[in-house]
Amino acid sequence: MPPEDDGHAIQVHLDRLLETRSMTLAELAARVGVTNVNLSVLKNGRAKAIRFTTLTAICRVLECQPGDLLSYEEEGWGEGGSDAEERSGNE
């Protein structure tokens with residue numbers, strides 16, 4: 001199993017939201033009340049979970065909906081996914 005396959009197909013679009021709002025990760029972290037490290041883990045798609053209170057605060061600060069931040073993209077994931085096979089060949 002490739003290292004980037006962490007058992008879910010949820011994509012995080014925090015970088016895009018920050019860019020469109022001209023906001024830094026540090027500014028968002030301060031306004032939400034979480035650490036830069038925690039938001040960085042989320043931004044880089046390495047988070048295993050997110051608290052609804054944190055999601056609520058992020059959506060409030062960024063003036064967005066959860067669906068603007070998160071999406072489900074199954075393509076290339078799971079059994080027989082060609083993307084997963086290509087990634088494992090590029091290690």
Margin query: V12 vs K43, test: side chain to side chain contact (heavy atoms under 4.5 Å, CB included). Steps then yes/no.
Written below: CA-CA 6 Å; V12 180; K43 179 180 164 236; 5.7 Å; no
Next item on the list: Could you go through the side chain to side chain contact (heavy atoms under 4.5 Å, CB included) check for H8 and K48 one step at a time?
Entry: CA-CA 9 Å; H8 70 78; K48 304 246 185 233; over 6 Å; no
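Looking at every heavy atom in both residues, H13 comes nearest to S71 through NE2-OG, 2.7 Å. Closest approach of N36 to A26, counting heavy atoms only: OD1-CA, 3.2 Å.
Residues V34 and L42 fail the side-chain proximity criterion, which asks for heavy atoms closer than 4.5 Å. Side chains of L17 and R21 form a contact here, defined as non-hydrogen atoms less than 4.5 Å apart.
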Return a table of donor-acceptor pairs under 3.5 angstrom between the side chains of residues 50-68 and protein atoms on other chains or two or more places apart.
unit_1 : atom_1 : unit_2 : atom_2 : d
T56    : OG1    : F52    : O      : 2.7
D68    : OD2    : Q65    : N      : 2.8

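Residues meeting the salt bridge (charged side-chain N to carboxylate O under 4.0 Å, His left out) test with R16, sequence neighbours left out: none. Under the rule for a side-chain hydrogen bond (donor to acceptor under 3.5 Å, both in side chains), T24 has no partner lying at least two apart in sequence or in another chain.
Atom CD in E19 sits 11.5 Å away from atom CG in L14 (nearest 0.5 Å).
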